[in-house]
Amino acid sequence: MNFVFISPTFPSNYWQWCAALRKRGATVLGIADTPYEELSPSLKDALTEYYRVSNMEDYDQMYRAVAYFAHKYGRIDWIESNNEYWLEQDARLRTDFNVTTGLKSDKIMFIKEKSEMKKFYAAGGIRTARQIRGCEGLKRAEKFAEEAGYPLFVKPDIGVGASDSYKLENIDALRHFFEKPNYGDYVIEEFVTGDICTYDAIINSKGEPLMESMCVCPPSIADIVIHNLDSTFHVESEINENLRFWGRQTVKAFDVRSRMVHLEFFRLDRPRTGLGNEGDFVALEVNMRPGGGCIPDVINFSHNISVYDIWAEMIMYDERRMPDPHDDYFCAFVGRRDNVQYVHSHDDILRDYSAQMQMADRMPDIMAAAMGNQIYIARFRTREEMQAFYDYTCARK
C-alpha cells in the first residue's frame with residue numbers, strides 16, 4: 001500500500017493518521033512545505049519518506065512530488081489530505097495519477113460548492129434550507145426574500161468554516177450585498193435557527209459506517225467568529241437515532257465511499273414550514289473529510305476509541321477490527337480568547353478539573369478565530385456535569 005498523505009504537518013494532530021497507517025504496514029509518503037528538521041519526531045517516525053515543496057499551492061511542485069514517489073515506490077494507491085482546503089488539489093492529483101480510491105476532478109465540485117450539494121440532498125429526499133445563488137441577480141433575490149422572509153443568510157458557495165458569512169436583516173442589506181463586485185460567488189439561504197449537529201462517521205467502500213458519532217455546536221461557527229464568542233461544542237455519549245438515520249441517508253445520497261465524513265445538520269429550535277418540527281434535523285452541508293482541528297480527538301475521548309486507527313483499518317482492510325469498548329462520555333471542548341478576562345484562570349481550570357481534563361493546549365493562530373486561543377477538552381458522565389464545566393470555564397468578568 002503506497003499512501004501519499006498531503007500536508008501531514010497541519011493541523012498538528014494529523015501525524016496520527018500517518019502513524020495509524022504505518023503501524024499497519026502501509027508505505028506512508030508525506031508532502032508539505034515544512035522543512036524536514038521542523039517536523040515533529042512523531043511525524044518523522046510515521047512517514048516512510050517526506051518530500052518538501054516550497055509552495056503547496058504550486059500544482060507543478062505537487063505533481064513532481066507525487067511523480068517522484070511513484071517512480072521510487074511504484075503505483076500510488078491513495079492520495080489524501082483529510083483537509084477541506086486541499087480536497088480539490090487531492091482530486092486533481094488522483095485524476096492525473098489515475099488513483100481510483102477517492103474522488104477525481106469530475107466529481108469534486110458537488111462536495112465543494114454548496115449550491116451543488118442541494119441537488120444531491122433533493123435526490124435523496126433530505127430536507128434543507130431553501131437557497132439561491134447570488135449570480136441569479138437582485139430581482140430573483142428580492143423575490144426569494146418575499147418567499148423565505150428575513151433575515152437571510154449569505155455565505156461563499158465555496159468556503160471553509162464561517163469565513164465571510166453573515167445575516168441580511170432587510171431589503172436594504174440585501175441590495176447593499178449586491179453592490180459587492182463578487183456577489184455571484186455567494187449563495188443566499190433562508191435563515192434557520194437551532195443547534196448545529198454533526199454526523200461524524202468512517203465509511204467503508206460499500207458505503208457502510210464503521211464508526212458513528214454525534215457532535216453538537218450550540219453557538220454556530222458563524223456566531224463564534226462574528227461575535228468573538230468562546231468556542232464550545234461537545235460530543236454526545238450516544239448518537240441521536242434520527243440523526244443517525246439522516247446521516248446514513250446523506251451518505252447514500254452522496255454515494256460516500258472509503259472516507260471519514262463530517263456532515264452538518266440543523267436541529268430545529270421551532271417548527272419551520274416545509275422543514276419540520278422542533279427537534280427535527282435539516283441538512284446544512286457535507287464535509288467529505290474529518291471534522292477540523294481537535295474534533296477527532298474529542299470523538300476519541302468521548303467513546304474511548306481511536307478514529308485514526310479505525311480510519312486506517314478502513315484504508316488497509318475495508319473493515320473495522322478494533323473492538324468497541326462501550327464506555328462513553330459527554331466530551332466537551334472549550335476555546336477561550338486571549339483578549340477576554342475570565343473569572344477563573346487557566347491554573348484554576350487545570351486544578352479544579354484535573355480528573356476530567358483530557359487535553360489543554362494552545363490553538364494555532366490561523367484557527368483561533370473559529371476555535372479560540374486556549375483550548376480545554378474534558379469528559380463527563382452526565383450532561384449536568386458538562387454544563388457546569390462550560391459555566392465555570394466561560395464565565396467572564
Side-chain angles (χ1 to χ4, degrees), residues 81-92 102-136 140-141 144 147-148 152-166 182-201 203 207 209 215 217 220-222 242-268 272 274-276 280-292 295:
S81 66
N82 279 348
N83 191 314
E84 183 78 26
Y85 189 82
W86 300 114
L87 290 185
E88 193 170 350
Q89 187 185 83
D90 293 349
R92 185 177 176 187
L103 294 169
K104 294 188 178 182
S105 293
D106 61 339
K107 301 291 186 183
I108 195 66
M109 294 321 292
F110 78 80
I111 65 167
K112 290 288 288 182
E113 293 184 0
K114 298 174 179 66
S115 56
E116 287 297 308
M117 294 177 192
K118 294 289 185 180
K119 301 174 184 177
F120 288 84
Y121 284 134
I126 301 159
R127 293 166 295 190
T128 64
R130 288 171 288 180
Q131 180 193 91
I132 64 168
R133 300 171 69 185
C135 61
E136 295 180 51
R140 175 68 184 95
F144 178 71
E147 300 164 356
L152 299 172
F153 196 71
V154 298
K155 54 189 177 181
D157 200 4
I158 300 175
V160 180
S163 176
D164 206 17
S165 302
Y166 48 90
N182 62 334
Y183 64 80
D185 296 336
Y186 292 76
V187 294
I188 305 170
E189 286 190 343
E190 65 177 315
F191 188 71
V192 178
T193 55
D195 291 342
I196 293 177
C197 302
T198 68
Y199 173 83
D200 296 272
I203 309 298
C215 183
C217 312
S220 70
I221 295 296
N242 286 332
L243 180 68
R244 189 197 306 273
F245 173 81
W246 289 113
R248 291 183 177 185
Q249 285 292 103
T250 304
V251 166
K252 183 179 179 180
F254 283 81
D255 194 28
V256 179
R257 298 176 188 273
S258 303
R259 302 196 69 76
M260 185 170 184
V261 296
H262 180 70
L263 310 180
E264 299 180 16
F265 294 82
F266 284 112
R267 182 165 55 190
L268 296 178
R272 301 275 311 197
L275 293 180
D280 286 345
F281 291 96
V282 175
L284 174 56
E285 63 183 68
V286 300
N287 297 291
M288 296 295 184
R289 41 77 180 171
I295 289 178

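Just so you know, these numbers use all the heavy atoms, side chains as well, and skip hydrogens, waters and symmetry mates. It should be emphasised that the depicted structure is a prediction, and the values quoted were computed from it without experimental measurement.
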message: So, taking the atom named CZ in Phe265 and the one named CG in Leu263, what distance separates them when rounded to the nearest 0.5 Å?
response: 5.5 Å

- request: For the residue pair Cys197 and Cys215, establish whether any side-chain heavy-atom pair is separated by less than 4.5 Å.
  value: no

message: If the condition is ring-ring contact (aromatic ring centres under 6.0 Å, His included), which residues does Phe266 pass it with, not counting sequence neighbours?
response: none

Heavy-atom closest pair, residues Pro156 and Ser165: CD-OG, 3.7 Å

message: As an exercise, state the distance from NZ of Lys252 to CD1 of Ile126, rounded to the nearest 0.5 Å.
response: 10.0 Å

- line: Scanning both residues in full, the closest heavy-atom pair of Glu190 with Leu152 reads CA-CD2, 4.3 Å

task: Give the intermediate values and the outcome of side-chain contact (heavy atoms from CB on, under 4.5 Å) for residues Thr128 and Leu284.
output: CA-CA 6 Å; Thr128 64; Leu284 174 56; over 6 Å; no

- line: Correct closest heavy-atom pair for Gly124 and Ala253 would be CA-CB, 4.0 Å

field: Chi angles and distances behind the side-chain contact (heavy atoms from CB on, under 4.5 Å) call for Glu189, Lys118
entry: CA-CA 11 Å; Glu189 286 190 343; Lys118 294 289 185 180; 3.3 Å; yes

field: pair Glu264-Asn287: side-chain heavy atoms closer than 4.5 Å
entry: yes

Interatomic spacing from NZ in Lys114 to OH in Tyr186 - rounded to 0.5 Å: 11.0 Å

- prompt: Taking all non-hydrogen atoms of both residues, which atom of Phe144 and which atom of Ile132 are closest, and how far apart?
  reply: CD1-CG2, 3.7 Å

query: Can you check whether Leu87 reaches Ile108 side chain to side chain, under 4.5 Å on heavy atoms?
result: yes

task: Measure the CZ-CZ distance between Arg289 and Arg259 for me, rounded to the nearest 0.5 Å.
output: 10.5 Å

- prompt: Is any side-chain heavy atom of Ser115 less than 4.5 Å from a side-chain heavy atom of Val187?
  reply: yes

field: Atom pair CE/CD of Met117 and Gln131 - distance to nearest 0.5 Å
entry: 9.5 Å

query: Around Arg272, counting heavy atoms of other residues, nucleotides and ligands shown, do more than 12 lie under 6.0 Å from its CZ?
result: yes

message: One pair to check against salt bridge (Lys or Arg N to Asp or Glu O under 4.0 Å): Asp195 and Arg267. What are the steps and the verdict?
response: CA-CA 5 Å; Asp195 291 342; Arg267 182 165 55 190; 3.4 Å; yes

task: State, yes or no, whether a side-chain contact exists between Asn82 and Met260 at a heavy-atom distance under 4.5 Å.
output: no

- request: Decide yes or no on salt bridge (Lys or Arg N to Asp or Glu O under 4.0 Å) for Asp255 and Arg257, but give the supporting numbers first.
  value: CA-CA 6 Å; Asp255 194 28; Arg257 298 176 188 273; 3.0 Å; yes

message: Quick one, Tyr199 and Val251 - any side-chain contact, counting heavy atoms below 4.5 Å?
response: yes

- prompt: Val256 and Met288: side-chain contact (heavy atoms from CB on, under 4.5 Å), yes or no, with the steps?
  reply: CA-CA 8 Å; Val256 179; Met288 296 295 184; 3.4 Å; yes

field: Side-chain touch Leu275/Leu268, heavy atoms, less than 4.5 angstrom
entry: yes

message: Given 3.5 Å as the limit, does a donor-acceptor pair link the side chain of Ser81 with the main chain of Asn83, or not?
response: yes

message: To the nearest 0.5 Å, what is the distance between CD on Glu116 and CG on Asp157?
response: 8.0 Å

- prompt: What about Tyr121 and Phe254, are their ring centers closer than 6.0 Å?
  reply: yes

- prompt: Step by step, would you call Val286 with Thr250 a side-chain contact (heavy atoms from CB on, under 4.5 Å)?
  reply: CA-CA 8 Å; Val286 300; Thr250 304; 3.8 Å; yes

field: Test side-chain contact (heavy atoms from CB on, under 4.5 Å) applied to Phe191 - qualifying residues, sequence neighbours left out
entry: Pro151, Phe153, Lys167, Thr193

query: Pro209 versus Arg248: any side-chain heavy-atom pair under 4.5 Å?
result: yes

